[in-house]
Amino acid sequence: MPELPEVETVRLTLAPAVGSRVTAIWTSGLPLRLNRPIDIPALTRASRGHTLEGIRRLGKYLLLDFDGRARGTVLVHLGMSGRLRLGPRAAPRADHTHVIWRMGDRELRFSDPRRFGLVSTLERGREREHPSLAKMGPDPLVDTVDGACLHAAARRSRRTLKALLLDQHVIAGIGNIYASEALWQAGIRPLLRAHRLSRPRADRLAQAVREVLDRALGHGGTSLRDFVDADGNAGEHAHYLWVYGRDGEPCPRRGCNGRISRVVHDGRATFFCPRCQHP
DNA sequence: AGACAAACCTGTCTGC
DNA sequence: TGCAGACAGGTTTGTC
């Protein structure tokens, strides 16, 4: 489900929880990503009895920073179907709820039907020692992801550009939807070999990545099915997608009379216009 | 190195 | 109406 704009939308809508103290924790006991159980003692140490001081995002990961001697951070990844919701304690519990942080008369709840998500803990200042974050690349909304940086990564890779964009070690936060969208905006074929990307086209692609993510964030993210923000609202960006999920439809680029194609690459649906996206 | 498939799991949609 | 199969925003692991 969630790529960078969706995760950032969750982060922004979770802001009202900042300043709240966790009074109790509940977990389902079911394992999440990789069949790994949640480390309940570590989660308790990091958050119970502590006040949520702030929420950060690194790529598709959220980091919930708590105060107290432990200065613990709870790491959350939403996987494909994960949700973080903030609501009244009395609200009915959604199916597949796995973690609840009680905060006075409100609760922060993590639910995830497919259980591809992650809830873990780490020590503040040691983010980069966590295996999930250790090799994470720059984040386009926070760090500089420009043509120079993209070109440098591309020139030493013989993979396709789509695969490069999806590699979180290269750029953090792009997923399957926005990889196709950014390549369409830049007018570049997804299956072009990365090392053949010229510097001017790298500039265009870097610009496209930023614009695509910004635009989606402005719409509160893309809800194809599952995604909702912390208040339970769906994002609007699905109405504005140019190519993702639109195979057979006319290319939306002005003056282009092509039709959107769908191919499967690396086992994932990839959408592009064969007419205006050049190899 | 990188392509590919399978694995993790549930829900939804399609076609018969 | 039921059932089988395909497919889904992600990441990890293993094989070739």
Given atom CD of E181(A) and atom P of dG9(C), what is their separation to the nearest angstrom? 13 Å

Output yes when at least one side-chain N/O atom of Y244(A) is less than 4.0 Å from OP1 or OP2 of dG9(C), else no. yes

Verify the contact: side-chain N or O of R268(A) to OP1 or OP2 of dG9(C), cut-off strictly under 4.0 Å; return yes or no. yes

Between dG5(C) and dA6(B) - P atom distance, rounded Å: 15 Å

Listed nucleotide nearest any side-chain atom of R33(A), set dG2(B), dT12(C), dG9(C): dT12(C)

Hey, is the side chain of H96(A) poking within less than 4.0 Å of OP1 or OP2 on dC9(B), counting only N and O atoms? no

Heavy-atom side-chain contact between R201(A) and H278(A) under 4.5 Å: yes

side-chain contact (heavy atoms from CB on, under 4.5 Å) with I55(A): which of L63(A), L12(A), L64(A)? L64(A)

Given dG10(C), dT13(C), dT12(B), which nucleotide is nearest the side-chain atoms of R225(A)? dT12(B)

E8(A) CD to dG9(C) P, straight-line distance once rounded to whole Å: 22 Å

So does R193(A) get a side-chain nitrogen or oxygen closer than 4.0 Å to the phosphate oxygens (OP1/OP2) of dA3(B)? yes

Is S157(A) touching bases, backbone alone, or none of the nucleic acid, heavy atoms closer than 4.0 Å? sugar-phosphate

What's the closest nucleotide to the L34(A) side chain, out of dG9(C), dA3(B), dT13(C)? dT13(C)

For R199(A), look at atom CZ and say whether over 12 heavy atoms of other residues, nucleotides or ligands are found less than 6.0 Å away. yes

Can you tell me the Watson-Crick or wobble partner of dT13(C), both distances under 3.5 angstrom? dA5(B)

Ignoring backbone atoms, test whether S81(A) places a side-chain nitrogen or oxygen under 4.0 Å from the OP1 or OP2 oxygen of dA8(C). no

Quick one: do L78(A) and L86(A) end up in the same hydrophobic cluster if we chain Ile, Leu, Val, Met, Phe, Trp and Tyr together by side-chain heavy atoms under 4.5 Å apart? yes

cation_pi(R89(A), W26(A)) dist<6.0 Å, angle<=45: no

Rounded interatomic separation in angstrom, taking CD from Q168(A) and C1' from dG9(C): 12 Å

Comparing D95(A) with H265(A), nearest DNA chain B nucleotide closer to 5' gives the residue H265(A)

If the C1' atom of dC7(C) is compared with that of dA5(B), how far apart are they to the nearest Å? 16 Å

Over 12 non-hydrogen atoms of neighbours within 6.0 angstrom of CZ in R48(A): no

Does a side-chain N or O from K60(A) land closer than 4.0 Å to OP1 or OP2 of dT11(C), or not? yes

Counting only distance, no hydrogens or angles, is the base of dA8(C) paired donor-acceptor with the side chain of R114(A) under 3.5 Å? yes

Do L191(A) and V170(A) belong together in a cluster built from hydrophobic side chains that touch within less than 4.5 Å? no

Interatomic distance, M80(A) CE vs dC9(B) P [rounded to whole Å]: 14 Å

Please tell me if H77(A) has a side-chain N or O lying less than 4.0 Å from either OP1 or OP2 of dT11(C). yes

Taking CG from L78(A) and C1' from dG9(C), how many angstroms apart are they, rounded to a whole number? 10 Å

Please report the distance, rounded to the nearest Å, between CG in L166(A) and C1' in dA3(B). 14 Å

Ignoring backbone atoms, establish whether N35(A) has a side-chain N or O less than 4.0 Å from OP1 or OP2 of dC9(B). yes

Between R115(A) and G267(A), name the one whose nearest nucleotide on DNA chain B is closer to the 5' end. G267(A)

Just how far, in rounded Å, is C1' of dG9(C) from OH of Y178(A)? 9 Å

Answer yes or no for this row: F116(A) ring on dG10(C) base, centroids under 5.5 Å, planes under 30°. yes

When rounded to whole Å, the CG to C1' distance for the pair D266(A) and dG10(C) reads 13 Å

What does L224(A) touch in the nucleic acid at a heavy-atom separation under 4.0 angstrom: a base, only the sugar-phosphate, or nothing? base

